[in-house]
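Report on one structure; see the data block that follows.
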There are 2 protein chains.
Amino acid sequence: MTLVDASLSISEAAERTGLSTHTLRYYEREGLMLGGVGRASSTHRRYVDADITWVEFLTKLRSTAMPISRIREYVALVRQGDSTTPARLELLLRHRETVVAQLDEMTRSLAAIDYKISTYRKGSK
Amino acid sequence: MTLVDASLSISEAAERTGLSTHTLRYYEREGLMLGGVGRASSTHRRYVDADITWVEFLTKLRSTAMPISRIREYVALVRQGDSTTPARLELLLRHRETVVAQLDEMTRSLAAIDYKISTYRKGSK
DNA sequence: CTAGAACTTAGAGCGCACTCTAAGTCAAAT
DNA sequence: ATTTGACTTAGAGTGCGCTCTAAGTTCTAG
């Protein structure tokens, strides 16, 4: 970059998001980017703010175990425009339930692990 | 079973634990069972209470994303006897940290998802 | 103008945790 | 005694989400 520019190269975007460049390309190939990442003055990708913001949200969906295929469905809805906001809301609400269930299960498991830890600490076998 | 017996067949154990018979055999092959599952009056497996209790704890470790390889290490320590309780405690404490981190990340992600849900509800884009 | 680094694509490869298959053995009920 | 269904093993196959490779192109610095 010669001039100050709001957009980032793929390696800069990787650094910003904590993903690898491989993963960023993979996500794009899989149709997970909202509008297609721009190509500037060449074939090279340029990530603008909206791209980064979306990748960050996408990362939240992944970290709560939303499958790639479900994210693709969500993206397809976004692309179809404002009329799909009820469907998007529904999709997120359904996902929310799975996240709550995961948190609940993990919390219960943590309790069991803590109990086991306490038995080791007390030396009671 | 003709007589009342405290032990279970593999399919009964599967039903009790919520795992498949395939998975129970897989775990055994991978060295994740504490003492080797007994074989009664034939080559058929018989799961006693201690086996079921262990499988249930093992399931907690798995549901908190402990890798099979780490569980195998833990099992190896248990097999070595009481002298390894400090090492087991250490292993569980380390794992505990990863669980807390997972819970934290998932909770943060849930907050982001909830925020997005709220924007859809307010219709503000 | 040139060298080297960073980028491009298409597609192959990998690690994990199962999950299933095939071919055969065993046991409970008739 | 026979049938039916559950069980056995070893090993192959699957699905997911990356992760890497190869061969070629483009940008930047000197």
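In what follows, every chain begins at residue 1, and chains take the letters A, B, ... in the order their sequences are listed.
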Specify the separation, in whole Å, of atom [atom1] of [X] and atom [atom2] of [N].
X	N	atom1	atom2	value
B:L24	C:dC20	CG	C1'	15 Å
A:R39	C:dT9	CZ	C1'	10 Å
A:E30	D:dG17	CD	P	9 Å
B:Y47	D:dC7	OH	P	10 Å
B:E12	C:dA28	CD	P	11 Å
B:I10	C:dT25	CD1	C1'	15 Å
B:I71	C:dC18	CD1	P	8 Å
B:H22	D:dG13	NE2	P	16 Å

Worksheet item: Counting just side-chain N and O atoms, does B:T43 come under 4.0 Å of either OP1 or OP2 of D:dC7?
Response: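 So the side chain of B:T43 is outside the cut-off, no N or O lying under 4.0 Å from OP1 or OP2 of D:dC7.
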Worksheet item: Reckon B:Y27 has a side-chain N or O less than 4.0 Å from the OP1 or OP2 of C:dC18?
Response: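 Result: yes.
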Taking any heavy-atom pair under 4.0 Å as a contact, classify [X]: base, sugar-phosphate, or nothing.
X	answer
B:S69	nothing
A:S9	sugar-phosphate
B:R62	sugar-phosphate

Discussion item. Using a 6.0 Å cut-off, check whether atom CD of B:Q80 has over 12 heavy atoms from anything other than its own residue.
Written reply: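 For B:Q80, atom CD is crowded (more than 12 foreign heavy atoms under 6.0 Å).
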Please determine whether a side-chain nitrogen of the Lys or Arg among [X] and [Y] lies less than 4.0 Å from a carboxylate oxygen of the Asp or Glu.
X	Y	answer
B:R79	B:E73	no
A:E28	A:R45	yes
B:R94	B:E90	yes

Worksheet entry | Atom pair CG/OG of B:L89 and A:S118 - distance to nearest 0.5 Å | 10.0 Å
Discussion item. Measuring from the side chain of B:R29 (C-beta onward, heavy atoms only), which nucleotide among C:dA6, D:dG11, C:dC26 has the closest atom?
Written reply: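 Per side-chain heavy atoms of B:R29, the pick is D:dG11.
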Worksheet entry | 5'-most by nearest nucleotide on DNA chain D - A:T23 or B:R45 | B:R45
Worksheet entry | Which residue lies more 5' along DNA chain C, comparing B:H44 with B:I68 via nearest heavy atoms | B:I68
